[in-house]
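A quick note: this is a predicted structure, and the numbers were derived from the prediction, not measured. Lettering follows sequence order; numbering is per chain, from 1.
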Amino acid sequence: MPSNPISAALIAWFAANKRSMPWRNTKDAYKIWLSEIILQQTRVAQGMPYYERFIAHFPDVHALAAASEGEVMRLWQGLGYYSRARNLHKAAKIVSQERAGEFPNSYEDLLKLPGVGSYTAAAIASFAFGLPTAVLDGNVYRVLSRLFAIDTDISSGKAKKEFTNIAQGLLPTSESATHNQAIMELGALVCLPKNPKCQQCPLSDYCEARRLSKPQAYPVKKRKIKVKTRYFYYFIFQNEAGSLYLKKRDTSDIWASLYDFPMLESDKSLSLEEVFAVLPSQDWLLKGSSDYQKHVLTHQHLQVRFSYFKIKDTGSAWQSFLQQHKAQAFDTITVEALPKPILIANYLEKWQLSLY
DNA sequence: CACGCGTGGAC
DNA sequence: TGTCCAAGCGT
């Protein structure tokens with residue numbers, strides 16, 4: 001596909017308005033891949049410090065492949081979607097060990113790497129290798145659905161094919177990298193989900209949704225995110241030496257395989273009395289509650305209310321509890337502001353706490 | 001195909 | 001305060 005008026009306008013706008021990002025100044029497939037994995041479902045401002053930290057620790061794919069999974073998880077901690085970090089490490093080992101550090105240079109082969117799906121494969125193919133593969137992400141869905149007033153449900157498989165074809169048809173072969181970045185940047189800066197800045201848009205003359213005065217009607221998305229509320233009642237056990245008691249989480253739930261405090265979960269809010277009533281009536285618990293703190297965390301998919309019960313004076317009862325669960329704890333943590341469970345993984349690395 | 005996965009910003 | 005959603009992927 002040769003250039004076309006829409007792409008030309010897009011690219012001209014991009015040249016004047018693009019944000020500066022470290023991974024935009026390179027053709028290094030490793031850096032581009034790393035940035036793309038980090039930026040999956042993640043805003044640039046949130047991912048940037050992680051990208052810098054990963055590059056500082058692991059300047060090339062061999063360094064990343066040589067790291068332990070614990071090191072990788074520790075650097076990733078706080079960013080969310082932790083399977084990305086595990087797949088990142090797996091893919092680094094594949095590229096380092098099976099491909100002598102050379103990233104796959106075709107869309108099909110990139111797709112085989114763990115953690116690399118259709119979007120990321122197209123992005124790397126185009127940004128690093130100049131191949132004419134159109135990217136299709138949330139921004140592109142939004143921009144294209146408005147541009148052509150397409151009301152296909154973007155959460156459907158049909159839409160993926162339809163939008164892929166349109167995106168591919170719009171992509172100028174010779175400038176695929178610039179065009180791809182430009183359309184995503186337009187979605188991120190101008191063609192916003194809620195209040196699109198149509199006055200500033202270089203494509204407004206071509207935009208069907210704009211002509212119909214209903215840009216906010218696009219894209220059409222039927223699948224709604226269900227928000228569940230789970231109530232977690234944590235028990236913070238601390239012995240005389242100040243050591244804390246941690247538990248590794250299940251592999252098939254939120255925060256898979258990360259560490260948090262032992263807890264009681266409920267599908268409804270419980271009063272302090274109810275929490276104690278539901279728990280087995282153990283001496284260490286009934287006698288031990290002397291301090292209580294509460295912290296609330298919410299996000300899109302899941303609403304979790306954390307209640308932390310800090311057991312200060314557990315004494316011998318605490319030790320027998322640990323013994324009962326074959327647990328030992330050593331070293332010291334001072335917990336002033338109690339962390340979210342995700343932060344516990346960091347403590348584990350840092351303080352070498354033992355678990356059961 | 002529908003769902004789960006995380007955190008933080010915007011409104 | 002609630003809702004949406006952001007350079008998606010794996011199952």
Side-chain angles (χ1 to χ4, degrees), chain A residues 18-19 21-24 31-51 73 76-88 90-91 110-127 133-143 153-161 163-164 167 177 180-189 191-196 216 219 221-230 249-258 260 296-305 339-343 345:
Chain A
K18 67 179 172 185
R19 293 168 292 179
M21 300 174 196
W23 49 84
R24 280 186 174 159
K31 291 182 177 174
I32 289 166
W33 163 72
L34 176 63
S35 73
E36 290 302 334
I37 301 298
I38 287 176
L39 292 173
Q40 285 167 7
Q41 297 286 280
T42 304
R43 292 172 194 279
V44 169
Q46 191 187 356
M48 183 79 77
Y50 287 85
Y51 173 82
M73 295 306 289
W76 195 274
Q77 93 105 11
L79 192 54
Y81 283 153
Y82 297 93
S83 63
R84 287 186 296 171
R86 298 188 183 96
N87 284 332
L88 184 84
K90 275 187 207 164
L110 283 162
L111 209 49
K112 294 174 186 167
L113 292 175
V116 176
S118 55
Y119 163 77
T120 305
I124 299 173
S126 132
F127 301 163
T133 49
V135 295
L136 181 57
D137 75 332
N139 289 308
V140 179
Y141 273 118
R142 190 167 57 254
V143 171
D153 173 13
I154 64 163
S155 55
S156 67
K158 182 187 169 200
K160 183 163 183 179
K161 288 177 189 167
F163 281 85
T164 298
N180 275 337
Q181 292 186 55
I183 193 169
M184 290 193 288
E185 192 79 334
L186 187 75
L189 299 181
C191 196
L192 303 173
K194 294 287 180 59
N195 299 105
Q216 71 291 343
K221 184 159 57 175
K222 285 186 178 166
R223 187 157 69 99
K224 295 295 179 186
I225 294 156
K226 294 170 190 166
V227 177
K228 293 181 205 159
T229 303
R230 299 168 68 178
R249 291 185 57 80
D250 202 88
T251 54
S252 57
D253 193 12
I254 191 169
W255 307 307
S257 303
L258 297 172
D260 66 358
V296 177
L297 174 150
T298 63
H299 65 78
Q300 181 190 5
H301 307 276
L302 176 70
Q303 185 172 31
V304 181
R305 290 196 164 79
K340 296 173 191 175
I342 185 57
L343 295 174

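Under 3.5 Å, the side chain of A/Tyr81 and the base of B/dG6 form at least one donor-acceptor pair of N or O atoms.
A/Arg84 places its CZ atom 18 Å from the P atom of B/dG4, with the value rounded to the nearest Å. Distance CD (A/Gln40) to P (B/dG8): 18 Å, rounded to an integer number of Å.
Side-chain contact annotation: A/Arg142 with A/Asn139, donor-acceptor N/O pair under 3.5 Å present.
Distance noted for atom P between C/dC4 and B/dC3: 16 Å (whole Å). B/dC11 sits 22 Å from C/dA7 when the C1' atoms are compared, rounded to a whole Å.
Residue A/Trp33 forms a side chain to side chain contact (heavy atoms under 4.5 Å, CB included) with just one option from A/Leu110, A/Ile38, A/Leu88, and that option is A/Leu88.
A/Arg142 comes within 4.0 angstrom of the backbone, heavy atoms only, and of no base. Residue-level contact check: A/Ser118 touches the backbone only, with heavy atoms under 4.0 Å from sugar-phosphate atoms and none from bases. Residue A/Trp23 is in base contact, counting any heavy-atom pair closer than 4.0 Å across all strands shown.
Comparing A/Gln181 and A/Gly115, the nucleotide of DNA chain C nearest to each residue sits closer to the 5' end for A/Gln181.
You'll find that the side chain of A/Ala188 is closest to C/dA7, out of C/dA7, C/dC4, B/dG6. Candidate nucleotides B/dG6, B/dG8, C/dA7 were compared by shortest atom distance to the side chain of A/Thr42, and B/dG6 ranks first.
A salt bridge does not link A/Glu36 to A/Lys31: none of the charged side-chain nitrogens sits closer than 4.0 Å to a carboxylate oxygen.
As the counterpart of C/dT11, B/dA2 is assigned, both hydrogen-bonding distances of the Watson-Crick or G-U wobble pattern falling under 3.5 Å.
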